[in-house]
Amino acid sequence: MTEAFQDSLAFAERLDAADPVSEFRQRFNFPSWRRNFSPVYLCGNSLGLQSDLARQYVEQELDNWADFAVDGHFHSERPWMSYHRQAARGFAELTGAKTSEVIAMNTLTVNLHLMMAGFYRPTRDRYRIVVEEKAFPSDRYAAASQVRLAGFDPDDGVLEWRARGLDGELFIEDLESLLKEHGHGIALLLLPGVQYYTGQVLDMGAICELGRMHGVAVGLDLAHAIGNVDLNLHDWSPDFACWCTYKYLNAGPGAIAGAFVPERHSSSDQALHGWWGNAEKTRFRMAPEFDPAEGAELWQMSNPPILSLAPVIASLELFLEAGFDRLREKSVQLTAYLEWLIRTKFSGQIVSITPADSRGCQSSLKVIDPALDARAVFDRLCEMNVTGDWREPDVIRVAPAPLYNSFTDVYEFASRLEQVLGEMSEAA
Ligand SMILES: *Cc1c(COP(=O)(O)O)cnc(C)c1O
């Protein structure tokens, strides 16, 4: 598959012509505000592009609100009463869960807190939360504040799974040692599926297994994993998992997030209750007694914000239509092509710190040539209408998304990068 890549536009175009999901690209809106160059958008790891279907579904609910008003709860095409269930099949498919184990609700950090309220059960001796060394700040803040609310000192209560080397790779053996040494004092592992900075895919099955062996609860943050890599939540069975939907899922800024609670916790009394977590058939009796819904719906507290859920529903439909297996197959090749071009064209200048044997769409590029100002390279790429993102101190993240990116995008990225480096060496 990767043996015969070529550094030419004609080659990239040939791969696009053979791509079975290439038609989806036309159904997305590429940014148009910069007009000098065609857009090369490689930032689906941060904010996915808008699909035409997302706009259509939002407009449909605005129309329904106008036309049905309160009766939209029962009489519109997708009644609001059960609107969140429209997300269940797509979420289940993408996370390897049962439809009863997933729920669309709230936003990511809020869900992390809700899930920790249920599954972080600190005791006097076992109260620590493990995060990884370069944890996304929101996750670390969430963990630290849970520890603090439980009456412990976050400096002592938040433990780090340390990364190794300059590339910041995480090794499962190090987590194992941490658990052997401190396991009796640890209440929760709060870990990502894909590390946001390096793009490393963690062995989520092994993490869950280690948690079980040591009697430690496991929560997974799948922000960078859903819609990107294969997930198998039902079999891995963490105590909970949460994700946002605006990255690879393209549901729009701040769109409604998702959560997984395994079947074994389906009738848990650890949920925080609200009326939308009450069984649908008795909800409108408005009784003082709470009658729990079954499955992950129990965790839903409020009636869902339809306008920010509509693009999630649209997005999941596109994923189901394209088929995740086909997308993943293309993604493996897209990112391999990207990294092949980097290795072939910019050896000694730029390297990918993303482990080649465990990655999704994303490649985290590091400028290693001391004669080059990494930030200036990034800024110049932006001016040439390449969208990736900059992460301090020196990483440029690029992530070709298989639903709307092409091999030509990847080729274009490498040629514009070549042009930038050429300009800089001339200036020097
Ligand atoms: C994107 C991301 C977030 C963002 O949190 P929000 O609550 O959606 O703003 C949190 N954690 C991780 C790991 C992320 O990648």
Side-chain angles (χ1 to χ4, degrees), residues 42-49 87 91 94-95 102-117 119-120 129-146 158 160-161 163 168 170 188-204 207 218-229 231 233 238 240-260 299-302 304-305 307-309 311-312 315 354 358-364 387-392 395-399 401:
L42 300 176
C43 210
N45 57 305
S46 182
L47 186 77
L49 292 180
F91 276 169
L94 291 177
T95 62
V102 290
I103 179 74
M105 61 178 187
N106 312 310
T107 47
L108 172 53
T109 308
V110 169
N111 283 336
L112 290 175
H113 275 300
L114 287 182
M115 292 294 150
M116 283 196 278
F119 298 110
Y120 170 55
I129 300 179
V130 173
V131 299
E132 39 98 14
E133 182 178 345
K134 283 208 172 180
F136 194 92
S138 204
D139 300 48
R140 185 185 289 262
Y141 304 154
S145 56
Q146 288 284 337
V158 178
E160 278 183 357
W161 170 11
L170 290 159
L188 174 71
L189 308 180
L190 183 66
L191 295 169
V194 175
Q195 212 289 338
Y196 83 99
Y197 186 86
T198 63
Q200 179 186 2
V201 181
L202 300 183
D203 186 341
M204 292 165 264
I207 289 170
V218 177
L220 295 177
D221 184 329
L222 305 178
H224 286 265
I226 190 162
N228 178 15
V229 297
L231 298 171
L233 289 182
F240 65 86
C242 303
W243 53 89
C244 53
T245 58
Y246 46 82
K247 291 171 181 165
Y248 294 107
L249 291 193
N250 318 311
I256 292 307
F260 162 92
W299 293 78
Q300 193 185 25
M301 295 191 296
S302 293
L307 296 178
S308 11
L309 193 46
V312 178
S315 160
T354 306
S358 46
R359 68 178 176 221
C361 300
Q362 179 183 332
S363 183
S364 297
T387 311
D389 66 6
W390 174 260
R391 282 291 171 267
E392 294 292 345
V395 159
I396 298 171
R397 297 188 303 178
V398 281

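We count residues from 1, following the sequence as given. As the structure lists them, so they are numbered: ligands from 1, and atoms in each ligand from 1.
Counting only residues at least two apart or on different chains, the salt bridge (charged side-chain N to carboxylate O under 4.0 Å, His left out) pairs with a member in residues 135-144 are R140-E160.
N111 is linked by a side-chain hydrogen bond (donor to acceptor under 3.5 Å, both in side chains) to N106, counting only residues two or more places apart in sequence or in another chain. Looking at residues two or more places apart in sequence or on another chain, you find a side-chain hydrogen bond (donor to acceptor under 3.5 Å, both in side chains) between S138 and T109.
Side-chain N or O atoms of R391 include none that pairs as donor or acceptor with a backbone N or O of Y196 at under 3.5 Å. The main-chain N or O of P304 is never found under 3.5 Å from a side-chain atom of S302 such that the two would form a donor-acceptor pair.
Side-chain N/O atoms of Q362 and S364 include a donor and acceptor closer than 3.5 Å.
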Could you pull out every N or O of ligand 1 that sits under 3.5 Å from a protein N or O, with the distance for each pair?
unit_1, atom_1, unit_2, atom_2, d
ligand 1, 5 (O), T109, OG1, 3.3
ligand 1, 7 (O), T109, N, 2.9
ligand 1, 7 (O), T109, OG1, 2.6
ligand 1, 8 (O), Y246, OH, 2.6
ligand 1, 11 (N), D139, OD1, 2.6
ligand 1, 11 (N), D221, OD2, 3.3
ligand 1, 15 (O), H224, NE2, 3.0
ligand 1, 15 (O), K247, NZ, 2.5

